[in-house]
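First comes the structure, then the notes that go with it.
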Amino acid sequence: MTQHIEDYALIGDLQTAALVGRNGSIDWLCLPRFDSAACFSALLGGEENGHWRLAPTGARTCARRAYVGDSLVLESVWETRTGTVKVTDFMPQRDRAPEIMRIVEGVSGSVDMSATIRLRFDFGSVVPWVRREGAHHVAIAGPDSVWLRSEPSVKTWGQHYSTRSSFTVGAGEKVAFVLTWHPSHKPRPPRVDPHVALARSLEDWESWARRCSYHGPHRTAVMRSLITLKALTYGPTGGIVAAPTTSLPEELGGVRNWDYRYCWLRDSTLVLGALLSVGYLEEAAAWRDWLLRAVAGDPADLQIMYGLGGERRLPENELPWLRGYANSAPVRTGNNAVDQLQLDVYGEVMDSLNVARTAGLPAQPHAWNLQLSLLGFLESKWREPDEGLWEVRGPRQHFVHSKVMAWVAADRAVRTLEDNPSLSGDVGRWRAMRDEVHREVCERGFDPERNTFTQSYGSADLDAATLLIPRVGFLPPDDPRVVGTVDAVRAELGHGGLLRRYSSTGPSVDGLPGGEGTFLVCSFWLVDALHMTGRTEEATELFERLLALRNDVGLLAEEYDPVARRQLGNYPQAFSHIGLVVTALTLAGADTAG
């Protein structure tokens with residue numbers, strides 16, 4: 001039976017991540033990086049596409065589970081008629097090879113355990129050759145090699161192209177499993193003691209969490225979201241992936257299934273503001289530096305997303321042998337939206353670097369010249385239509401949010417030059433651009449009869465992204481046009497108390513069939529907008545409702561279906577967790593705006 005998306009918990013090592021179900025099965029894992037091919041793909045297919053289940057014999061789901069303190073170490077407790085057992089799942093922050101460690105510990109009585117592991121490389125399409133070598137089982141196919149061992153050794157046999165084992169644990173007894181990946185042409189990596197690795201992993205996470213300077217309301221929720229964002233960070237470069245998964249659907253049975261294992265520029269301002277506001281200067285600097293490396297080059301070639309190291313080629317392909325989560329095909333890798341024109345990203349980059357500069361991050365000597373180059377290109381392009389924030393696959397339009405972010409780009413340039421007159425640049429030129437963009441948006445993107453900004457010029461549709469107008473400073477929160485937009489967006493885009501992204505999901509807007517759930521980050525934007533327009537009690541009530549949508553271990557996907565009461569979309573979603581952190585800081589009075 002397909003598990004709900006929210007039935008999964010996340011473990012990771014800051015270079016990749018795995019999803020562990022309430023049934024004890026690891027159903028998704030890409031090795032050695034977030035964007036590598038998966039060796040466990042049951043999430044998007046079936047058990048035959050790779051998984052690793054470890055649970056009491058005959059049991060279906062754990063009684064309860066939780067992360068250990070402020071860590072990414074997961075503990076699942078199973079209760080049976082003969083006893084209770086605890087399974088601890090984690091991935092140590094790697095020195096060399098990526099590893100998953102699973103430690104079974106008897107709590108009371110005596111419990112019979114079963115384990116089944118099916119390794120299927122290249123997204124479930126390649127069955128490896130498995131052999132025994134000493135205490136290890138070794139699975140090899142092409143470039144991939146996985147070594148599996150248990151301590152102490154347990155009874156193991158092969159069956160139906162899988163490796164199975166069974167054992168019994170009594171109170172106080174422990175059995176540890178270690179799965180290690182490495183390139184098949186290299187020697188076996190050195191063995192690591194799983195119990196030592198567990199203690200070190202807990203200390204690593206707790207030490208990182210202690211650096212958080214936020215101690216306001218909802219600290220537990222904020223800390224869990226920050227840990228999730230850290231887990232989605234590719235440590236070697238500082239890039240943050242939108243999600244560790246691909247093709248989890250925005251509508252069950254639908255085709256809105258995209259690969260999110262890359263780094264989006266649109267996340268940059270909110271990520272930087274959040275990290276800086278809670279004391280994570282090192283992470284903020286790493287993200288800023290990744291951003292500068294990624295966007296370096298011809299400003300005409302600026303992309304909306306990049307690979308973990310700043311790679312530009314992310315070709316989209318379909319994997320027809322995977323039926324998709326809940327039969328939601330196709331399953332895709334890569335993302336063709338990388339080739340879209342989305343003018344708002346120029347504003348995101350300018351705003352991000354302005355946030356970094358005003359927060360006191362050490363300046364990079366080439367950063368300002370790069371920004372001037374980007375702004376010069378935008379000056380010649382902002383009047384054109386684009387695909388916009390939501391990456392529509394229909395015709396380009398004059399999206400209001402894209403124009404507002406063009407204003408942000410010019411505004412941040414003006415601010416920078418006013419605060420740093422020694423820098424090169426024509427402040428008068430950027431003021432003129434800023435004023436022209438502002439005037440056009442207010443004339444062509446605003447519906448005076450309904451007192452609301454619209455999704456695009458001349459359209460009657462609305463867009464939740466217009467809720468960001470007061471946050472970025474385009475208009476003050478008490479402007480009647482802002483208040484009217486908040487009211488109109490809440491009335492027309494509301495669904496079950498949450499928000500959709502935009503009014504229409506038909507082909508005329510995004511070029512795709514079917515619908516989708518409510519977009520969680522948009523609902524967080526509504527909280528911010530309500531608070532900024534003086535309706536803090538309503539904002540707080542909505543925020544509490546959003547917090548209640550998190551699963552039992554505090555994770556959020558991209559979307560939520562308020563009718564079926566299920567999470568939808570790629571998971572866990574960085575944008576949703578960024579929204580949670582920023583909104584909590586906003587309600588607590590912290591400044592995360594650009």
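The figures here come from the full heavy-atom set of this structure, side chains too, leaving out hydrogens, waters and symmetry mates.
In this structure the side chain of Asn451 reaches within 4.5 angstrom of the side chain of Arg481, judged on heavy atoms. Residues Asn551 and Tyr571 form a side-chain contact, since some pair of their non-hydrogen atoms from C-beta on lies under 4.5 Å apart. Residues Phe524 and Val582 fail the side-chain proximity criterion, which asks for heavy atoms closer than 4.5 Å. Side-chain contact between Leu547 and Leu580: present, with at least one pair of heavy atoms (C-beta onward) separated by less than 4.5 Å. Side-chain contact between His495 and Val563: present, with at least one pair of heavy atoms (C-beta onward) separated by less than 4.5 Å. Glu283 is not listed as a side-chain neighbour of Leu229, based on a closest heavy-atom distance of 4.5 Å or more. At least one side-chain heavy atom of Arg429 sits under 4.5 Å from a side-chain heavy atom of Glu379. No side-chain heavy atom of Val404 sits less than 4.5 Å from a side-chain heavy atom of Leu468.
Between Met305 atom CE and Asp267 atom CG the span is 10.5 Å, to the nearest 0.5 Å. Considering OH of Tyr346 and CE of Met405, their distance stands at 13.5 Å, rounded to 0.5 Å. Here Thr333 contributes atom OG1 and Arg261 contributes atom CZ; the two are 6.5 Å apart, rounded to the nearest 0.5 Å. Atom CD1 in Ile5 sits 7.0 Å away from atom CG in Leu252 (nearest 0.5 Å). Atom CH2 of residue Trp368 and atom CG of residue Leu353 lie 9.5 Å apart, to the nearest 0.5 angstrom. For the atom pair SG (Cys212) and CZ (Arg219), the distance works out to 4.5 Å, reported to the nearest 0.5 Å.
In terms of modelled atom types and a separation under 3.5 Å, the side chain of Trp290 and the main chain of Leu308 share a donor-acceptor contact. A distance-only check finds no donor-acceptor pair linking the side chain of Asp259 to the backbone of Asn335 [under 3.5 Å]. In this structure a side-chain-to-backbone donor-acceptor pair under 3.5 Å is missing from Asp351 to Gly347. A donor-acceptor contact shorter than 3.5 Å links the side chain of His577 to the backbone of Leu556. When atom types are taken as modelled, the side chain of Glu6 and the backbone of Ala557 share no donor-acceptor pair closer than 3.5 angstrom. Formation of a donor-acceptor pair under 3.5 Å by the Tyr262 side chain with backbone atoms of Glu311 is not found in this model. Between the side chain of Tyr306 and the backbone N or O of Leu314 there is no donor-acceptor pair closer than 3.5 Å. The backbone N or O of Leu423 sits nowhere less than 3.5 Å from a side-chain atom of Asn420 that would complete a donor-acceptor pair. Using a distance-only test at 3.5 Å, with no hydrogens or angles considered, no donor-acceptor pair links the side chain of Glu440 to the main chain of Lys403. Checked by atom type and distance alone, the side chain of Glu387 pairs as donor or acceptor with a backbone atom of Leu341 at under 3.5 Å.
Between the side chains of Asp386 and Ser402, a donor-acceptor pair is found at a separation under 3.5 Å. Side-chain contact check for Thr452 and Asp447: no donor-acceptor pair (N or O, by modelled atom type) lies under 3.5 Å. Residues Gln342 and Arg266 bring a donor and an acceptor atom of their side chains to less than 3.5 Å of each other. Side chains of Arg535 and Thr533: a donor-acceptor N/O pair is present below 3.5 angstrom, by distance only. For Thr358 and Arg415, the side-chain atoms include no donor-acceptor pair closer than 3.5 Å. Between the side chains of Glu391 and Trp264, at least one donor-acceptor pair of N or O atoms lies under 3.5 Å.
Residues Gly279 and Ser213 share a closest heavy-atom pair of N-OG, 3.5 Å. What you find for Val482 and Pro476 is that their closest heavy atoms are CG2-O, 3.4 Å. Scanning all heavy atoms of the two residues, the minimum distance from Trp382 to Ala406 falls at CB-CB, 3.9 Å. Taking both residues in full, the closest heavy atoms of Leu248 and Asn570 are given as N-OD1, 3.3 Å, listed atom of the first, atom of the second, then distance. Val472 and Trp407 make their closest contact through O-CZ3, 3.7 Å (heavy atoms, listed as atom of the first residue, atom of the second, distance). Taking every heavy atom of both residues into account, Met350 and Ala409 meet most closely at CE-O, 3.7 Å.
Salt-bridge check for Arg434 with Asp411: passed, with a basic side-chain N closer than 4.0 Å to an acidic carboxylate O. Taking 4.0 Å as the cut-off between side-chain N and carboxylate O, Glu316 and Arg332 count as a salt-bridged pair. Looking at Glu492 and Arg450, a side-chain N of the basic residue comes within less than 4.0 Å of a carboxylate O on the acidic one, giving a salt bridge. Classification of Glu558 and Arg501 as a salt-bridged pair fails, no side-chain N sitting under 4.0 Å from a carboxylate O.
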**Item:** Verdict with reasoning, Thr485 to Ile469, per side chain to side chain contact (heavy atoms under 4.5 Å, CB included)
**Value:** CA-CA 9 Å; Thr485 299; Ile469 283 174; 5.5 Å; no

**Message:** Please determine whether side chain to side chain contact (heavy atoms under 4.5 Å, CB included) holds for the pair Tyr457 and Val441, giving the CA-CA distance in whole Å, both sets of side-chain angles, and the decisive distance to 0.1 Å.
**Reply:** CA-CA 8 Å; Tyr457 292 172; Val441 170; 3.8 Å; yes

**Request:** Under the side chain to side chain donor-acceptor pair (under 3.5 Å) rule, what do Arg293 and Thr237 come out as? Steps first, then yes or no, please.
**Result:** CA-CA 10 Å; Arg293 292 192 302 269; Thr237 66; 5.0 Å; no

**Message:** Let's go through Phe377 and Leu302 carefully: what are the C-alpha distance in whole Å and the side-chain angles of both, what is the deciding distance for side chain to side chain contact (heavy atoms under 4.5 Å, CB included) to 0.1 Å, and is it a yes or a no?
**Reply:** CA-CA 10 Å; Phe377 176 80; Leu302 184 69; over 6 Å; no

**Asked** Yes or no on side chain to side chain contact (heavy atoms under 4.5 Å, CB included) for Ser456 and Asp463, after CA distance, side-chain angles and deciding distance?
**Response** CA-CA 8 Å; Ser456 59; Asp463 192 326; over 6 Å; no

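No more than 12 heavy atoms of other residues, nucleotides or ligands sit less than 6.0 Å from atom CD of Glu537. Within 6.0 Å of CD on Glu544 lie more than 12 heavy atoms contributed by other residues, nucleotides or ligands.
For Phe519, the ring pair (Phe, Tyr, Trp, His ring centres under 6.0 Å) partners at least two apart in sequence or on another chain are Trp390.
Screening residues 530-560 for ring pair (Phe, Tyr, Trp, His ring centres under 6.0 Å), with sequence neighbours left out, gives His218-Phe543. Applying the salt bridge (Lys or Arg N to Asp or Glu O under 4.0 Å) definition to pairs two or more places apart or across chains, none involves residues 563-587.
Paired with Leu467 under the rule side-chain contact (heavy atoms from CB on, under 4.5 Å), one option of Leu499, Leu530, Leu493 passes, and it is Leu499.
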